[in-house]
There are 2 protein chains.
Amino acid sequence: MEHIDDIDLQLLNILHDNSKYTVKELAKMVNLSASPVFERIKRLENNGYIKKYIALLDAEKLNRGFIVFCNIKLKQHDRNIGNQFVNDIMKIEEIVECYNISGDYDFLMKVSAKDMKHYQDFVFNKLGSVESIGSTQSTFVMAEIKNMYG
Amino acid sequence: MEHIDDIDLQLLNILHDNSKYTVKELAKMVNLSASPVFERIKRLENNGYIKKYIALLDAEKLNRGFIVFCNIKLKQHDRNIGNQFVNDIMKIEEIVECYNISGDYDFLMKVSAKDMKHYQDFVFNKLGSVESIGSTQSTFVMAEIKNMYG
DNA sequence: TTCTAAATTAGAATAAAATTCTTTAAACAC
DNA sequence: GTGTTTAAAGAATTTTATTCTAATTTAGAA
C-alpha cells in the first residue's frame with residue numbers, strides 16, 4: 001500500500017466534513033486541476049482510506065434525539081455468552097454503537113431513543129430479552145457538546 | 001414543517017447508509033421516477049432531515065484506531081468553569097465527541113489516538129493543560145462491535 | 001550535473017448524472 | 001360531477017464526473 005501525501009490528507013479532511021463538493025471545487029481548494037483530484041479520490045477509495053459516503057440525519061426530527069450510554073455486564077465470560085450477546089444486540093435498532101471495553105463493565109453501548117419513555121421500554125422489552133446480560137447501568141446524555149461527525 | 005411519508009423514510013435510511021447512489025438508482029429502489037425522488041431529497045435537505053453528507057475514513061489507516069472513552073469531572077460546577085472547559089476541548093483534535101452526562105462524572109468524551117503512547121501523551125499534555133478539569137477516568141475500547149455510522 | 005524513465009498533471013473530449021421544465025395523472029374539496 | 005391542488009412521469013437542458021492524450025514534473029541512474 002502506497003503512502004498518502006499532504007494533498008491527499010487535505011482532500012480527506014475536506015470530504016470528511018462535506019462530501020458534496022464537486023471535483024472542480026476540490027481542485028480549486030488544493031490548487032490542482034480536476035483530473036488529478038478525481039484520480040486521487042478514486043485511489044483513496046480503492047485503497048480503503050475512504051470507507052463510505054453517508055448522509056447525516058437529524059436525530060431529533062426522526063424521534064431519536066434522546067441519547068443514553070448503557071454499560072453492560074455479561075452473566076458469564078465464556079465465548080458462547082459473548083457471541084450470543086453480539087448476535088442479539090446487532091438486531092436491536094436503538095443500539096447505534098457498541099464497544100467491548102476495559103474496566104468494570106464488558107460493553108458500552110450508545111442508545112438512541114425518542115424519549116425517556118421509549119428508553120424505558122427499550123430496557124425492559126429489548127434488553128430484558130437478551131439472556132446473556134447480567135446487569136446494566138445507564139448514563140444519560142444531557143447535551144451534546146462536540147461531535148466531529150454530526 | 002410538513003410530515004414525511006414512508007418513501008421519504010426509505011430514502012433517508014438508504015442515504016444514511018450510502019449517499020453515493022444516483023437519483024436514478026434511488027428511484028428504482030422506491031418505485032418512482034427520477035424527478036420526484038430528486039425533489040424529495042431536496043425537500044428533506046431543506047427541511048433539515050438531512051444535515052450533511054460526509055465521507056467516513058479508515059481510522060486505523062490514518063493512525064487513529066485507538067479509541068478511549070474518557071470521563072471527566074470538573075473542578076467546580078459554575079458556569080465559567082463549564083464554559084472554559086467547552087472552549088478548551090473544542091480545540092483538541094483527539095477529542096472526536098463530547099457529551100454532558102448524568103451520574104458521577106460531568107462529561108464523557110470519545111478520544112481517538114494512534115496508540116497507547118499517543119493517548120498517554122494526550123492525557124498528560126493536552127488534558128493536563130485544561131485548567132477546569134478536576135479528575136479523569138479512562139475506559140479503553142478493546143473492540144468495536146457495532147457502529148451504525150462506520 | 002545530465003539523461004532517462006516513471007509518475008503526475010493539465011486540458012480537451014466524452015459520458016453520465018443532476019436539475020429543470022412541461023405535461024399528465026391522481027387526490028381532494030366542494 | 002367539476003374545479004383545484006398536489007405529485008408524478010418523461011423529455012430537455014445543464015452540470016458534473018470520467019476518460020483520454022499530451023505535456024510537465026519528478027526521481028533515480030549514469
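In what follows, chains are A, B, ... by sequence order, proteins preceding strands, each numbered from 1.
B:Ser129 places a side-chain N or O within 3.5 Å of a backbone atom of B:Asn125 that can act as its donor or acceptor partner. Checked by atom type and distance alone, the side chain of B:Asp8 pairs as donor or acceptor with a backbone atom of B:Asp5 at under 3.5 Å.
A salt bridge links A:Arg64 with A:Glu93: the distance from a Lys NZ or Arg NE/NH1/NH2 to an Asp or Glu carboxylate oxygen falls below 4.0 Å. Remark: B:Lys42 engages B:Glu45 in a salt bridge, criterion side-chain N to carboxylate O under 4.0 Å. B:Asp121 has no carboxylate O lying under 4.0 Å from a charged side-chain N of B:Lys114, or vice versa, which leaves the two without a salt bridge.
Looking only at atom types and distance, the side chain of B:Gln84 has no donor-acceptor partner in the side chain of B:Asn80 under 3.5 Å away. Side-chain atoms of A:Tyr99 and B:Thr139 include no donor-acceptor pair closer than 3.5 Å.
Over its length, the helix from C:dT1-D:dA30 to C:dC30-D:dG1 turns its helix axis by 40°, as judged from the five terminal pairs at each end, rounded to 10°.
Surrounding NZ of A:Lys73 are more than 12 heavy atoms belonging to other residues, nucleotides or ligands, all under 6.0 Å away. Crowding of B:Met90 atom CE: a count of heavy atoms from other residues, nucleotides or ligands under 6.0 Å exceeding 12. More than 12 non-hydrogen atoms from other residues, nucleotides or ligands lie less than 6.0 angstrom from CZ of A:Phe140.
Computed from coordinates, the A:Lys28 NZ to D:dT16 C1' distance equals 16 Å when rounded to whole Å. For the pair A:Arg43 CZ and D:dT18 P, the computed distance is 16 Å after rounding to whole Å. Nucleotide C:dG11 holds its P atom 11 Å from the CG atom of A:Leu32, rounded to whole Å. In this structure, CD1 of B:Ile4 is placed 14 Å from P of D:dA7, rounded to the nearest angstrom.
Less than 6.0 angstrom separates the ring centroid of A:Phe107 from the ring centroid of A:Phe85.
At the heavy-atom level, A:Arg40 lies under 4.0 Å from the strands shown only through sugar-phosphate atoms.
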Show the distances under 3.5 angstrom between N or O atoms of the protein and N or O atoms of nucleotides 16-20 of chain C.
{"residue": "C:dA18", "atom": "OP1", "partner": "B:Val23", "partner atom": "N", "Å": "3.4"}
{"residue": "C:dA18", "atom": "OP2", "partner": "B:Val23", "partner atom": "N", "Å": "3.0"}

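Looking at residues 6-13 of chain A, you'll see that no heavy atom sits under 4.0 Å from any atom of DNA chain C.
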